[in-house]
Amino acid sequence: MRPRDENKLQAIKQKAVEMIAREGLEGFSVNKLAKAAGVSPATIYIYFKDKEDLITSVSVEEGEKMSKATLKDFDPEMSFADGLWIQWRNRADYMLNNHVSEAFWEQVKNSVYRDEMVSKVTENFRQSMGEFMKNALARKQVNAMPLEVYWSVAFAPLYNLIRFHNEGRSLAGQRFVFSHKMMKQTFDLVLKALTP
Amino acid sequence: MKNCDILIFRTNISSAGDLRKVKTVLDHHPSISRWNVDTGDVDKVLRIEATALTIDEVNRLILQAGYHCEELED
């Protein structure tokens, strides 16, 4: 049978991410994907043993892509304020410029594939974040608190700004566009809340 | 006889009981290194990784288990 064709495989995976992002996991099937990608179902089965294998594989890749983007220019030795800012910038860049990945994550995060996606988020990511927090605590640059409390203050405000942006409307129903200035303003408030 | 790496078939193997019967003929076949059926798919796709196994041979094996299959063309 045919040899593996990396370009074809990439095209299949890309199309799968797009389809799931748009239509969700419910109606997703190998047949539908084959039609959308312009290949035969048999071709997809060359690369993946079944639908679950395919979804798991693309979920893991998306997870890795996300963690890599979040760690860009980041160093756990950075001061707390610098390190957190880099993460804000990276997360904002990623979410604003990767709508398909973002929509894919929204579809997958309440499914059985979530764990696969999260568990494969590279060890590197977990280690970097752990080290960063350890350093910040030792240097007394951040207050001690449960992880969930930390996350709710450290990142949820950013995600909410981006949600307003994606909805395109402010609370008052007016047009809302995310700006660097607004991100910095929110970040400064967050920093105040987290630091001694 | 042609050598095959991955063979793909449409089948009527769908239940756990069906799988058990197919298992008896495929699990210990010397040419087959791995196989599975995507029972969630409308075509109940049988995927076989094997060396030196022909389409006809697979047809015969599946028939022997009481089912039928048909190669899915690329």
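Naming convention: chains lettered A, B, ... in sequence-line order (proteins, then strands); numbering from 1 in each chain.
- Residue A:Asp50 is tested with B:Asp38, B:Thr39, B:Asp41 for a side chain to side chain contact (heavy atoms under 4.5 Å, CB included); the sole match is B:Asp38.
- Under the 4.5 Å side-chain contact rule for hydrophobic residues, B:Val42 and B:Leu19 do not share a cluster.
- Separation of atoms CD1 (A:Ile44) and CZ (B:Arg47) is listed at 12.5 Å; rounding is to 0.5 Å.
- Hydrophobic clustering of Ile, Leu, Val, Met, Phe, Trp and Tyr side chains at less than 4.5 Å, counting indirect connections, keeps A:Val177 apart from A:Met183.
- A single hydrophobic cluster is not seen to contain both A:Leu189 and A:Phe178; linkage of ILVMFWY side chains at heavy-atom distances under 4.5 Å, directly or through other members, places them apart.
- Linking ILVMFWY side-chain heavy atoms closer than 4.5 Å, directly or via other members, places B:Leu63 and B:Val25 in two distinct hydrophobic clusters.
- No more than 12 heavy atoms of other residues, nucleotides or ligands lie within 6.0 Å of CZ in A:Arg175, so this atom counts as exposed by the packing criterion.
- Applying the side chain to side chain contact (heavy atoms under 4.5 Å, CB included) test between A:Lys49 and each of B:Val45, B:Asn36, B:Ile6 identifies B:Asn36 as the sole match.
- Note that the OH atom of A:Tyr45 and the CG atom of B:Leu46 stand 10.5 Å from one another [nearest 0.5 Å].
- Contacts between A:Phe28 and chain B at a heavy-atom distance below 4.5 Å are absent for every atom of the residue.
- Taking each heavy atom of B:Leu72 and A:Ala42 in turn, the nearest pair found is O-CB, 3.4 Å.
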